[in-house]
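Taking it in order: structure first as structure tokens, then the write-up.
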Amino acid sequence: MVVRPQSSAAGVLALLSEPDPIFKQHALKALNPLVPQFWAEISEHIAYIESLYEADDLPKEARDSAALLASKVYYFLGEYDEALSFALGAGSAFQAESRTQGAGEYIETVISKAIDRYIQLRTDESSSKQAKIDPRLQTIIESIFERCIKEREYKQAIGIALESHRLDVVSHVYNLTKDVSLLSYAMEAVLDTGFSLSYRDEVLNFLLPLFPPPTTRTKSPHIHALARLLATLNKPSLTVPLLTSLIPKERLLAYQFAFDLVEGGARDFLEGVRNTLPEGDDETKEIYDKLRSILGGLESVKLYLEFLKRNNRVDMLILKNSKEALEPRSSIYHTALTLQNAFMHAGTTSDIFLRENLEWLGLASNWSKFSTTAALGVIHKGYYQEGMNILSPYLPQSGGESQIQGAAYSEGGALYALGLINAGCGSNQTVETYLRETLKNAQGEVVQHGAALGLGVVGLGGRSSDAYDDLKETLFTDSAVAGEAAGYAMGLVMLGSADPTCAEEMMTYARETQHEKIIRGLGMGLAFIFYGRQEEADLTIKSLLAEKDPILRYGGVYTLALAYAGTSDNDAVRQLLHIAVSDTSDDVRRAAVTSLAFLLFKNPGQVPRIVQLLSESYNPHVRCGATLALGIACAGTGLQDAVEILEPMTKDGVDFVRQGAFIALGMILVQQSEASSPSLSSTRAMYTKVVSDKHEDPMARFGAAIGQGLIDAGGRNVTISLQSRAGSRNTNAIVGMALFCQFWYWYPLAHCACLAFEPTAMIGVNEDLKVPKFEFVSNARPSLFAYPAPAAPPKKETVAKVATAVLSTTAKVKAREKKKAAADADTMDTDDKLEVKKEGDVDMISEESPSPGKDDAAADQEGKSTPSPKRKAEPSSEKLSNFSRVIPAQLGYITFPEDGRYQPVRPVSLNGPPTKGDKGGIALASERYAGGSGILIMVDERASEEADFITFDPPPQAPPATSGNVPNGHATRASPNLHIALDEDAPEADPPESFEYPFEDDS
């Protein structure tokens, strides 16, 4: 007999009205499984079901069933809060339901709402509300924690515990497992999501004592997590005890820890640690001195500078082609080539291109001259020992500013360059004092502009009140040019301080001044002051975004982006997206889209999905913002999703959108190989084509030249990354990229992109900080991470001979002569007859026409006789030596031979090689930098044997600039003839003598 499907719940509902409680109890049990099908019908009786839940005459089991029934009905009605309230009242019935087959979706939703409500109640600052947490809700949450631990879902338990401020659960899970990676996970979770600053510090202070002390024997995989934690807390009082605990037994780990702190620590924090370290006794004094030297940052700068000098792989042919294609008398093209050369040679100290092209250099005028001189700062970045000597021909002399026409631009550019050379080199009081004095004594606004920018960059995050006051004086002169630079620099000096007095002064002056340039400088300055301050910046952000002046709203957008940089904060992302589609100013909308990159750079995989629709906007400014957002957030990842969005935008109808797309592609594809990124060769070819195309828009050609510079940045040995190697925010890089985005208004600010260039080096040093020679293994095909092949020079086109036109009358004469000659010679008759054509016809007769098919056949025959050589199988790994380039994606493949003499004190990377499922084979997000490579302290396993070291040669003395080719191009001490003089008054070269071109010699 076939059971009929039930068509209504009316019969069961009728039982609820029966006076006997047994019938009611039976009806409630029978209705529960019917809810998914008949919830609409049952919902009409919801009030009666609720009354049954509250009835005292029913047994507890029946009341629990009524509560569960009501909860299910409210769930299907979409009233999830009500559903949760009744589920909490259902007690044992809800527990039984959770074990029932098919109830998964309902149970998951209710538990999810329970967790949300619990988190909301726990995070509420009002203690009275915390006391009102329902014990039944507490029971459900405790059961969730127990289930997670039982099923070994520890990360899930830690995630809920962090959001609900239950640090006791984190401690319980760690004590149960003793798994240090869970502590690292908790630290990263609280750092990379939008928790408040106060709670973040509370969690980090709680986690710090839980980490076990690092030891060389265990290779301490958590040392990079500890370094990141302490750098974020920014408290020398917590860092110094850890360093001193490692001395003297684990001094190598102490050195490694100091190098890792330099990678991610703020300048004031590192200075505090240096000053707080004890002097030490006879045994430990040398160790503490070395630690102070490392924490000063100069040891790292020296090693990276040497790496970039040794491994410089700039392809000079690319620069030569750009120089020939871009008209130097056009200011925009001159600046484009200047920036391209500066980025390609960034940090390499090689100024060979400048010295070989003095004539091109002499064509720079006004602000092009400023940019060209500032480019020396990018090229020699980090060469702090020789910075003053290199720039001495251009710096203002002690007697004051030069009166030579145009000299102010090279002097201002040199001051800016001096700041760039010393950026990130720790506290350099000499340079800072020199720039402050120059700023105070300067009269011309161009020199003041350069001095202010240089002071801002060199004093980045130093929070020097003296420097701030000097800049404020320059600002109050109300000069548009000098005031703009002062606005930027005031923010840079007070970076991340959230100083209310400074913010108020800058805001007031921005509202009073009439100069747009000053307003923009102050708007960005405010953004820098509130860098990383999250909710502390909310009032300022709200105030700026409510301003009528679009330039102040522009500053408000960047303040929002930098305050929440790297947090992926949902509210901040939502706010930027709203501004991007609703603001009345195109500039503000473009800035809002670009700023998404600063929030989301730790999750680059999300960015293409978020900006996909914006990249198709009708507004070209929004599209342009989308290109830069993709470029900055996905820089160095080679992310194919981002490239696929950008490639169509290189053909956009608006020139500045194409410019943005070219620049963004350069950032994304930096350090990619043809094996890892299929778009690399086509993008390089596109750059060459656009730069060479004289009919292309100047802005697009400018973008393509910058893209060429970025894709080969730093001699092809740097990547662009807003994250430090330890996974924390890279402050210099974030600030540098925010300033780079201002090139839209002021080209010289584009030089600041070099602050985001991160050398991708594997540098091993021993305990004496010397660099030993050793080898390690990259377990990947060499082509996967190889340098790009050098650009091929253009092929010399052979001029094909043109077929000669022969008149038909001439053909007849030749035919008659041929017949006559044949008859005279008494040769055999020929049947060949020339076709007679009408007068006036022209025959196209080739003078040298080989018989068709003959050559092809010969070539065919030759191809058969010589078999093509078999392609050699590529090895699956390669050996690399110390001081080699190792890009972030390659770290997972690096191993050190077990029998090797030198072994690192900590793992190179905590990640293995990417699996085949990974898109593009490149790890994304902060996983790219789990530990980083950078500078590694090596343990010498055979210390008794004599070691072989890499020697750092002093820079060779280069011949004078006028002597033609320079073999090395490295910077040297200043000499009268060594540097390039940008003298407009120099006499012009004579024109070449007249000559005739021998066309007949062409082949």
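Counting begins at 1 with the first residue of the sequence.
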Kindly indicate, with the supporting measurements, whether the criterion side-chain hydrogen bond (donor to acceptor under 3.5 Å, both in side chains) is fulfilled by T567 and Q534.
CA-CA 9 Å; T567 61; Q534 297 187 19; 5.3 Å; no
So which pairs with a foot in [range] pass salt bridge (charged side-chain N to carboxylate O under 4.0 Å, His left out), sequence neighbours left out?
range	value
residues 560-577	D571-R574
residues 604-632	R623-D652
residues 726-746	none

Heavy atoms only: give me the nearest [X]-[Y] pair and the separation to one decimal.
X	Y	answer
A342	I379	CA-CG1, 4.1 Å
S677	L669	OG-CD2, 3.3 Å
T719	P888	CG2-CG, 4.4 Å
F743	A750	CB-CB, 3.9 Å
A375	T338	CB-CG2, 3.7 Å
L599	A561	CD2-O, 3.9 Å

Aromatic ring proximity [X]/[Y], centre distance under 6.0 Å:
X	Y	value
F601	F598	no
Y416	H449	no
F702	Y747	yes

With a 3.5 Å distance limit and no angle check, can you tell me whether [X] reaches the backbone of [Y] through a side-chain donor-acceptor pair?
X	Y	result
E432	L455	no
Q742	A738	yes
R553	K548	yes
Y185	G159	no
S721	Q723	yes
R589	A580	yes
S676	Q672	no
N619	S617	no

So do the side chains of [X] and [Y] get within less than 4.5 Å of each other, counting heavy atoms only?
X	Y	result
D260	V262	no
D583	H578	no
H751	L420	yes
M649	F662	no
I421	K381	no
Y558	L526	no
M187	T232	no
D549	E516	no

Walk me through it: do E505 and Y468 pass the test side-chain hydrogen bond (donor to acceptor under 3.5 Å, both in side chains)?
CA-CA 12 Å; E505 284 176 349; Y468 176 82; 2.9 Å; yes
Carboxylate-amine/guanidinium proximity below 4.0 Å for R520 and E484
no
Any Lys/Arg nitrogen of R658 or D655 sitting under 4.0 Å from an Asp/Glu carboxylate oxygen of the other?
no
Evaluate L475 against Y509 for side chain to side chain contact (heavy atoms under 4.5 Å, CB included), listing each step before the verdict.
CA-CA 9 Å; L475 175 72; Y509 195 80; 3.9 Å; yes
In Å and rounded to the nearest 0.5 Å, what is the [atom1] to [atom2] distance from [X] to [Y]?
X	Y	atom1	atom2	answer
L596	L630	CG	CG	10.0 Å
T683	E647	OG1	CD	5.5 Å
L261	S300	CG	OG	10.5 Å
N730	S724	CG	OG	6.0 Å
T594	L576	OG1	CG	10.0 Å
E504	T540	CD	OG1	9.0 Å

Going by atom types only, do S679 and Q640 share a side-chain donor-acceptor pair under 3.5 Å?
yes
Can you label the angle between the Y745 ring and the Y554 ring as parallel, tilted or perpendicular, going by 30° and 60°?
perpendicular
Between R590 and W744, is the side chain to side chain contact (heavy atoms under 4.5 Å, CB included) condition met? List the steps.
CA-CA 11 Å; R590 186 183 66 253; W744 179 276; 3.3 Å; yes
Taking distance alone, no hydrogens or angles, what donor-acceptor pairs closer than 3.5 Å link side-chain atoms of residues 487-499 to residues at least two apart or in another chain?
unit_1: S497; atom_1: OG; unit_2: M494; atom_2: O; d: 2.8
unit_1: S497; atom_1: OG; unit_2: D499; atom_2: N; d: 3.4
unit_1: D499; atom_1: OD1; unit_2: T501; atom_2: N; d: 2.9
unit_1: D499; atom_1: OD1; unit_2: C502; atom_2: N; d: 3.1

Greater than 12 external heavy atoms within 6.0 Å of K155's NZ
no
Which residues pass the salt bridge (charged side-chain N to carboxylate O under 4.0 Å, His left out) test with K235, not counting sequence neighbours?
none
Assess the residue pair I668 and I720 against the criterion (side chain to side chain contact (heavy atoms under 4.5 Å, CB included)); give the C-alpha distance rounded to whole Å, side-chain angles, the decisive distance to 0.1 Å, and a yes or no.
CA-CA 8 Å; I668 292 170; I720 297 170; over 6 Å; no
Could you tell me which residues satisfy side chain to side chain contact (heavy atoms under 4.5 Å, CB included) with E535, sequence neighbours excluded, listed by chain and number?
S196, L197, D538, Y564
Report the C-alpha distance between I663 and T627 in whole Å, list the side-chain angles of each, state the deciding distance to 0.1 Å, and finish with yes or no for side chain to side chain contact (heavy atoms under 4.5 Å, CB included).
CA-CA 8 Å; I663 291 172; T627 61; over 6 Å; no
